[in-house]
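Computed over heavy atoms, backbone and side chain alike; hydrogens, waters and symmetry mates excluded.
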Amino acid sequence: MSNENEKIRQTYNLASNLMNEGKSDEQITEALISQGLDQTAASNVISNLKKERSTIGTGSGKQSYNGGGSGFGFSGIPKWLIYILGLLLINLVSYLFNLNFWIY
């Protein structure tokens, strides 16, 4: 049983490494078939890896969170929160320096 698990792990590692190198699905399938898998099993390995990468977001180095960052290095903070914090900061500075500039 352990030998079978190791072979499965090696198969997925091979397919994952080939994906990371930018190989096409056909090239990965050919490599898996040369390792002893049949066409269906090779296709299943590739589709499982693609599903896994899409759920964890490591396929292209991007996170799957799409929360609407501002582009100013605040990629995880929504734009509306940055806007409200900016308004509060301006009003706080206006209050501290006794300026007559308030944003409501």
Side-chain angles (χ1 to χ4, degrees):
M1 187 75 174
S2 177
N3 190 17
E4 184 177 324
N5 288 339
E6 185 62 30
K7 182 173 173 129
I8 293 170
R9 186 183 336 243
Q10 289 175 353
T11 301
Y12 274 90
N13 283 339
L14 172 66
S16 179
N17 290 338
L18 292 173
M19 278 185 182
N20 289 340
E21 292 174 7
K23 303 288 185 186
S24 68
D25 291 352
E26 292 80 20
Q27 291 172 321
I28 297 170
T29 302
E30 290 174 11
L32 293 176
I33 289 173
S34 70
Q35 294 292 322
L37 272 78
D38 61 0
Q39 180 73 31
T40 306
S43 297
N44 286 340
V45 168
I46 293 170
S47 66
N48 287 342
L49 280 174
K50 286 184 176 181
K51 284 180 192 175
E52 183 67 25
R53 287 175 179 229
S54 69
T55 58
I56 61 173
T58 59
S60 59
K62 297 178 182 174
Q63 293 182 347
S64 60
Y65 173 73
N66 203 5
S70 66
F72 296 108
F74 303 107
S75 61
I77 302 173
K79 289 180 182 178
W80 61 267
L81 183 59
I82 294 172
Y83 178 76
I84 290 173
L85 291 174
L87 290 178
L88 290 174
L89 180 66
I90 290 171
N91 287 333
L92 178 67
V93 170
S94 296
Y95 173 75
L96 290 176
F97 293 106
N98 199 17
L99 301 173
N100 289 328
F101 182 73
W102 292 89
I103 300 175
Y104 298 102

Salt bridge (Lys or Arg N to Asp or Glu O under 4.0 Å) partners for Lys50, two or more places apart: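 Only Asp25 meet the salt bridge (Lys or Arg N to Asp or Glu O under 4.0 Å) criterion with Lys50.
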Of Glu52, Glu21, Arg53, the residue whose pairing with Ser16 passes side-chain contact (heavy atoms from CB on, under 4.5 Å):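 Of the listed options, the one satisfying the test is Arg53.
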Who are the side chain to side chain contact (heavy atoms under 4.5 Å, CB included) partners of [X], not counting sequence neighbours?
{"X": "Tyr95", "result": "Trp102"}
{"X": "Ser43", "result": "Gln39"}
{"X": "Thr40", "result": "Asp38, Asn44"}
{"X": "Asn100", "result": "none"}

Interatomic distance, Trp80 atom CH2 to Ile82 atom CD1 [nearest 0.5 angstrom]: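 With rounding to 0.5 Å, CH2 (Trp80) is 10.5 Å from CD1 (Ile82).
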How is the hydrophobic cluster of Val45 composed, in terms of its other members, when Ile, Leu, Val, Met, Phe, Trp and Tyr link through side-chain heavy atoms under 4.5 Å apart, directly or indirectly?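 Besides Val45, the hydrophobic cluster comprises Ile8, Tyr12, Leu14, Leu18, Met19, Ile28, Leu32, Leu37, Ile46, Leu49, listed by chain and residue number.
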At their closest point, which heavy atom of Ser54 faces which heavy atom of Lys51, and how far apart are they?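 Smallest heavy-atom distance, with atoms named: OG-O, 2.9 Å.
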Looking at Glu4 and Lys7, is there a salt bridge between them, counting it only when a charged N and a carboxylate O are closer than 4.0 Å?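 No salt bridge links Lys7 with Glu4.
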